[in-house]
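In what follows, chains carry the letters A, B, and so on, assigned in the order in which the sequence lines appear, proteins first and then strands, with residues in each chain numbered from 1. Every heavy atom of this structure was used, including side-chain atoms; hydrogens, water molecules and symmetry mates were not.
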There are 2 protein chains.
Amino acid sequence: MVERLVAYRRHLRRWLADGKPRIYSHELAGLAQVTSAVVRRDVMTIGYTGSPAKGYAAAGLVDRIGRVLDPPQRPGVALVGLGSLGRAVLKHFARLHPELRFVAAFDVSPEKVGRIIDGCRCHGSADLETVLRADPALVGIIAVPGEAAQDVADRLVRAGVRGILNLAPVRLQTPPTVYVEDVDLAVSLEKVVFFARPETERLEALA
Amino acid sequence: MVERLVAYRRHLRRWLADGKPRIYSHELAGLAQVTSAVVRRDVMTIGYTGSPAKGYAAAGLVDRIGRVLDPPQRPGVALVGLGSLGRAVLKHFARLHPELRFVAAFDVSPEKVGRIIDGCRCHGSADLETVLRADPALVGIIAVPGEAAQDVADRLVRAGVRGILNLAPVRLQTPPTVYVEDVDLAVSLEKVVFFARPETERLEALA
DNA sequence: GCTATATTGTGAATGAAATAACACTGTGAC
DNA sequence: GTCACAGTGTTATTTCATTCACAATATAGC
């Protein structure tokens, strides 16, 4: 449901930018590709309320979603690993996401350390603890090879990070107080390959 | 469950590489971070069977999983978009995934067209239909900016693709016969930010 | 002011996935 | 040979999210 809220907000902002102040559940549902019942239920859950004949006030709804999703203060983000994946992530968020604050990036390769890459200062991985002690991050992004991921995770956790976006193809072991979201491109692609097959073929593969 | 099967296979291969031929449900469960009951249920679902006192034969299980997950012939993959994200994807899979066949990559920028990038020939986006007619792909990966994603999706579908891994931050409109898996880094990161907050704080945000 | 209507808010029904529970079975110890 | 036991295969239970259905309601037109 959190994923849907993020999507709603994205569409609502575009909706507002088009100069339209109000929106019906079925309109938002169409944009986010869910049913109108889901939209209404989600809106109800976050405690917002619309008018039966005029729909929801888009601005107010964006605001309410923000109050649910966004932490009180702008959260710091630490990125570890500036290989192609890490760079891609940084590029995406650098401009696209002003509500996040990238506090630091880390990499092991000496030629990157000290430089500023996509607007973010790159530190040596060894300095992770030091840098994050000066400027704490709420969440960390792990974009290092699988072998190094668990070690990075341990250190991020010790540095006080409360959530991790893990792009490495391994499952991390973390204390239960730390939330981990795995984004594993290999798994996703295999999933697509599987479901791309006609259903009949999939079922007979089970037989 | 497909995601779990992919994970099982990954761990089983490492297990085999360590020279261990047999594995118990709770051992595999520990590696994949699920409960043993889930493992046994999954194994049952795909029709494999172990021995009560000796566990599962790892090799046989890998084989069975492959028969469920993998299509009969090696599936072709088409990658569209060779920005930082596309390059990262290509690099990841080029070496890591021999069971996939990258048939072609596409990009709009002229300086990339014609070159071979990470072992894959880069074509102009305009030639998408032509190239895929000569060498069809089962699935497509969309790694272009959001504005271009829907157009690319339409063309991939027309070119006969049956599944799409969508890395762009938009929901695609496709016929129901085409399976779409969305991997949206912005959404994932916002999810992490949300769940990184202490539960108490999250709940009062709803009030 | 009143009525028709389209939409919201929400309880109940449905369905799928995780969890728990347990009977069955093959193995090794004695 | 038989007895205990650790682990599998399967069924039942629970839980949770989605879908369905419909009463309540505010607006616009007359």
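In this structure, the CD1 atom of A:I46 is 13 Å from the P atom of C:dT10, given to the nearest Å. Between the CE atom of A:M44 and the P atom of D:dA24 there is a distance of 17 Å, given to the nearest Å. Here C:dT7 presents its C1' atom at 7 Å from CZ of A:R40, a figure rounded to the nearest Å. Rounded to an integer number of Å, the gap from A:Y24 OH to C:dG9 P is 13 Å. Rounded to whole Å, atom P of C:dT8 lies 12 Å from atom OH of A:Y48. Atom CG of A:D42 is separated from atom C1' of C:dG9 by 13 Å (rounded to the nearest Å). Regarding A:H26, its NE2 atom lies at a distance of 14 Å from the P atom of C:dG9, rounded to whole Å. The OH-C1' distance, from A:Y56 to C:dT7, rounds to 9 Å in whole Å.
OP1 or OP2 of C:dT7 has not a single side-chain nitrogen or oxygen of A:S25 nearer than 4.0 Å. Contact check, B:S51 against C:dT25: no side-chain N or O comes under 4.0 Å of OP1 or OP2.
For A:R22 (side chain) and A:K54 (main-chain N/O), a donor-acceptor pair under 3.5 Å exists by modelled atom type. Proximity of a side-chain donor or acceptor of B:E27 to a complementary backbone N or O of B:Y24 within less than 3.5 Å is detected. Under a 3.5 Å cut-off, the side chain of A:E181 and the backbone N or O of B:F195 do not form any donor-acceptor pair. Not one N or O on the side chain of A:R162 forms a donor-acceptor pair closer than 3.5 Å with the backbone of B:V193.
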How far apart are the C-alpha atoms of A:Y56 and A:S25, what are their side-chain angles, what is the distance that settles it, and do they pass the side-chain contact (heavy atoms from CB on, under 4.5 Å) test?
CA-CA 8 Å; A:Y56 304 103; A:S25 63; 4.0 Å; yes

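Within 4.0 Å of A:R22, counting heavy atoms only, lies no atom of the nucleic acid at all. Within 4.0 Å (heavy atoms only), B:S36 reaches no atom of the nucleic acid at all.
A donor-acceptor contact under 3.5 Å is not formed by the side chain of B:R41 with the base of D:dT8.
Distance from the side chain of A:T35 is smallest for D:dT19 among the nucleotides D:dA12, D:dT8, D:dT19.
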